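All remarks here apply to the structure that follows.
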Amino acid sequence: MTPNRSHTPLAIALVLFSGTLALFWPTLRFEFTGFDDDIYVTDNAHLNDGLTWKAVRWAFTTTYANFLDPLTWLSHLVDVELFGMNPSGHHFTSVLLHALNTLLVYFVLRKMTGAVWRSALVAALFAWHPLHVESVAWVAERKDVLSTLFWLLTMWAYFRYAELKSSAGDLNFGLSDIKTRWYGLALVFFALGMMAKPMLVTLPFVLLLLDYWPLSRFSGSKHEPSGTNQGRGTFNKINADFSLLAVEARRLVTEKIPFFIVALAASVTAYIAQNRTGAVLSLDLVPWEARLTNALVSYARYLGKTFWPADLAAFYPHTGAWPWWQALGAVLLLIIITLFAFCLRQRSAAWAVGWFWFLGTLVPVIGLVQVGSHAMADRYTYVPLLGLFVAIVWGGSESLIRYRIPAALFYLIGGVAAMACAGAARQQLWHWRDGEAVFRRAVEVTRNNALAHYNLAFTLAEKNRHDDAIQHYREATRIEPQIMGFNGHYNVGALLARQGRWQEAGEEFALAARIRPQDPDTLNNLGYCLLEAGQIAEAINRLNSALKIRPDFIEARFNLATALERAGNKGDAAAELKKVIGLDPAHAEAHLKLGDFYYHANQFENAEAHYEQAVQAQPDNAAARVSLGLMMAREGKAREASRHFQQAIALAPNWPLPKNELAWILATHPDEQVRNGAEAVRLAERACELTEWKRTAFLGTLDAAYAANGQFEKAIATVQRTLSLAESEGNDVLAKLARERLSLYQNEKPFAMPTPDRSPP
């Protein structure tokens, strides 16, 4: 019995699809990286509502993120509609698209060549190569997998068109003609691909290569692996080949004019969008020498990482011009491989087609037009490696056949290579599990990578690992002082300020201010740090400088008011607070501080008015609630005061002051409906615990609470402790009140004070 081979292609397709899904399935547990994922998804307000007509219109008109790529935005909109901001769903879409691309590679190559196993091997290498992990595992690179889907669909539709044309004559531009429909479908797929990522600009040139092989659309271009020159001179043969190719090329190029028009329009649009946003670097920043040498060396580096995919990183820093000997070595390598492919084109045209596919499709991203500060990127190989794999698999297998080496040996080697790629890809995949892993890996495998250090620092700062973040910000600043200097010093200053290290934070902000002396945010932060470090006069100086640059800078004006208050100039401080309120009538902190000024000036009506404004502007401001509560208590409005203290306790559970004030009302109010001794004891005990039993006033509240709850022995013991602490502090007022309460407790009478007069916190 012989095996049924009709099911082999289907079985191969299932293995490729399921194997690709299995390899990349762990990404469904990965987070967003924070590396452009915020721009494309998490912090993009246009995506918040999912797939709406407003969002769709935005997708087709925006150049957000430097490109006009509406289909990519639509794919993200669909993800948000289906999965919200759950990263698992976004990763699943990318993995699914990559698996579909793998099937299309296999399907299209098999249809074009009729070679099942070679097509399968190319598809496996494409699907499982570690260089392609970045395109799949990075949500922001959705445009890679999506645009390649349309690239492959274009190839399929073009093959159907070419297949029909080769057997039915010239192209008929009647819409009812099936050949024209396939041509039109190929053009539509191409345009859609360009709307996902403009890197498809090279696809028309690849179609010309496919015309040569495997479609054999050039006259006489039937390529046999064992072809000979039948005794003709090499020079004459080359001349004949070139003459024939020139004639056929003219016809086939003319046929693709619509594709070239679409490519040109998309290229111009992409360049304008990138140039307008500053993404395209000028020759002053990256001169031609640096661009050319980097392009040549990058070709060699891409080849090296294809065969030995080690030290892969999310970002490879541009080092400027490479040494001449490295650039020369790269040129020689490219020339040798090109001559090799050209000389073998008659024996196996796949060598030339695959190699020129690889060379050509990298041209838009090789760095001659420098976009961004990277030297190269793994994601740029997503399509170009297909050409290289075609050259190796077809060219290699046909060469082995020529030397009568069993094909099984070649496929065995190819299978081992594919499995090795899968193993390396799985290992590389884990370096994309979150932002920290991405940039920590880049720091480990590259040198002087300022951007990687900077982004790693940002990620660590978000995780509150401030000391580690400071270290990497400083390293980024050391590597690129001109580019990273300002942001590096500024962010280190912000992290030091969070830790209360005011002097060090001020030094960092001062360094940032030297780089950008007219930046008001830096001057404001510097002024605040100087204020907290006790350098009040210099703080006022810096804050005034910030306000000269930006007079409506509310935060700087509020900080100036605080500085003036600490300098003892309360009149000017109050004037600044009024300016703050004039700029922002709902500024709760300004109302609160101005209310305190009025309170201490015995202007209680004005104080109460500002406290109420503070509560209205910011209902969850516990300090405003306490201050308004104290005003209500002073006016004898115990129930209203209690309500504000209760809300303050809910907002700040570990703040002892509102607990103490509420306990005082519950313990000393003469109205039995208001008084609650048990609750007063609970609150007062907690307030004393939070202050480590060292606040005299809080101990006084506690002894009153014990007495109100009928626990006179505890009340006497506590008031004696209150008296002792007051006497040791020299506080005669509290000592006198403690003696009065002690006399009451000894007679088993609680203390009653209906209108307690307390100062705001």
Side-chain angles (χ1 to χ4, degrees), residues 497 500 524-525 527-529 531-532 536 539-540 543 546-547 552-662 664-665 687 690-691 695 697-698 756-761:
N524 171 62
N525 290 341
Y528 186 81
C529 290
L531 175 63
E532 293 299 320
I536 298 175
I540 292 173
L543 292 167
L547 289 168
D552 60 348
F553 194 172
I554 293 174
E555 185 181 349
R557 200 164 289 283
F558 180 80
N559 289 337
L560 178 59
T562 304
L564 290 168
E565 177 195 9
R566 293 190 189 179
N569 194 343
K570 292 190 177 181
D572 287 346
E576 291 298 331
L577 289 172
K578 290 176 182 178
K579 291 179 182 178
V580 170
I581 293 171
L583 292 167
D584 180 10
H587 198 290
E589 295 295 332
H591 281 296
L592 184 57
K593 189 177 286 291
L594 193 56
D596 290 346
F597 283 176
Y598 282 125
Y599 185 93
H600 292 296
N602 295 325
Q603 299 180 35
F604 299 118
E605 289 185 5
N606 287 335
E608 183 178 342
H610 281 289
Y611 290 148
E612 287 178 345
Q613 289 282 347
V615 170
Q616 290 175 10
Q618 199 173 67
D620 58 352
N621 189 316
R625 291 281 183 186
V626 169
S627 294
L628 187 55
L630 288 168
M631 289 298 303
M632 297 293 103
R634 187 183 183 282
E635 296 172 4
K637 301 175 182 178
R639 287 183 173 83
E640 293 182 39
S642 297
R643 177 172 58 84
H644 287 296
F645 291 140
Q646 288 168 349
Q647 289 173 328
I649 291 169
L651 292 167
N654 292 322
W655 189 17
L657 183 61
K659 297 180 188 297
N660 178 76
E661 298 304 324
L662 181 57
W664 180 259
I665 293 174
L690 290 169
T691 55
R695 292 282 295 272
F698 287 12
D757 187 4
R758 300 293 182 91
S759 297

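As a basis for the values below, the full set of heavy atoms in this structure was taken, side chains included, without hydrogen atoms, waters or symmetry mates. Note that this is a predicted model, so its numbers are computed, not measured.
- Contact check on Glu576 versus Arg557 returns a salt bridge, with a Lys/Arg side-chain nitrogen under 4.0 Å from an Asp/Glu carboxylate oxygen.
- Heavy atoms only, all atoms of each residue included: Leu543 and Ala556 are closest at CD2-O, 4.0 Å.
- In this structure, CD on Glu605 lies 8.5 Å from CD on Glu635, to the nearest 0.5 angstrom.
- A donor-acceptor contact closer than 3.5 angstrom is absent between the side chains of Tyr599 and Asn606.
- Once rounded to the nearest 0.5 Å, the distance linking CG of Leu662 with CG of Leu657 reads 11.0 Å.
- Separation of atoms CZ (Phe698) and CG (Asn660) is listed at 4.5 Å; rounding is to 0.5 Å.
- One finds the NE2 atom of His644 at 12.0 Å from the CG atom of Leu651 (value rounded to the nearest 0.5 Å).
- Closest heavy-atom contact between Asn559 and Leu531: O-CD2, 4.1 Å.
- Between Glu532 and Arg566 there is a salt bridge, since at least one side-chain N of the basic residue sits less than 4.0 Å from a carboxylate O of the acidic one.
- Between the OG1 atom in Thr562 and the CD atom in Glu565 there is a gap of 6.5 Å [rounded to 0.5 Å].
- Ala617 approaches Ala586 most closely through the heavy-atom pair CB-O, 3.1 Å.
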Checklist entry - Would Val626 and Trp655 count as a side-chain contact (heavy atoms from CB on, under 4.5 Å) if you check the C-alpha gap in whole Å, the side-chain angles of each, and the deciding distance to 0.1 Å? => result CA-CA 11 Å; Val626 169; Trp655 189 17; 3.5 Å; yes

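- The backbone N or O of Asp552 lies less than 3.5 Å from no partner atom in the side chain of Lys579, so there is not a single donor-acceptor pair.
- Take Ala567 and apply the side-chain contact (heavy atoms from CB on, under 4.5 Å) test, not counting sequence neighbours, and it matches Ile536, Ile540.
- When side chains are defined from C-beta on, Phe558 counts as touching Lys593, because their heavy atoms get closer than 4.5 Å.
- The OG atom of Ser627 lies 11.0 Å from the CE atom of Met632; values are rounded to the nearest 0.5 Å.
- There is a side-chain donor-acceptor pair under 3.5 Å between Glu589 and Asn621.
- Note on ring orientation: taking the six-membered ring where Trp is involved, the planes of Tyr598 and His610 are parallel (angle under 30°, cut-offs 30° and 60°).
- Smallest separation of non-hydrogen atoms from Leu592 and Ala624: CD1-CA, 3.8 Å.
- Taking the six-membered ring wherever Trp is involved, the centroid distance between the rings of His591 and Tyr611 does not fall below 6.0 Å.
- Between Ile665 and Ala641, the shortest heavy-atom contact is CD1-CB, 3.9 Å.
- Contact detail for Ala648 and Arg625: the closest heavy-atom pair is CB-CB, 4.0 Å.
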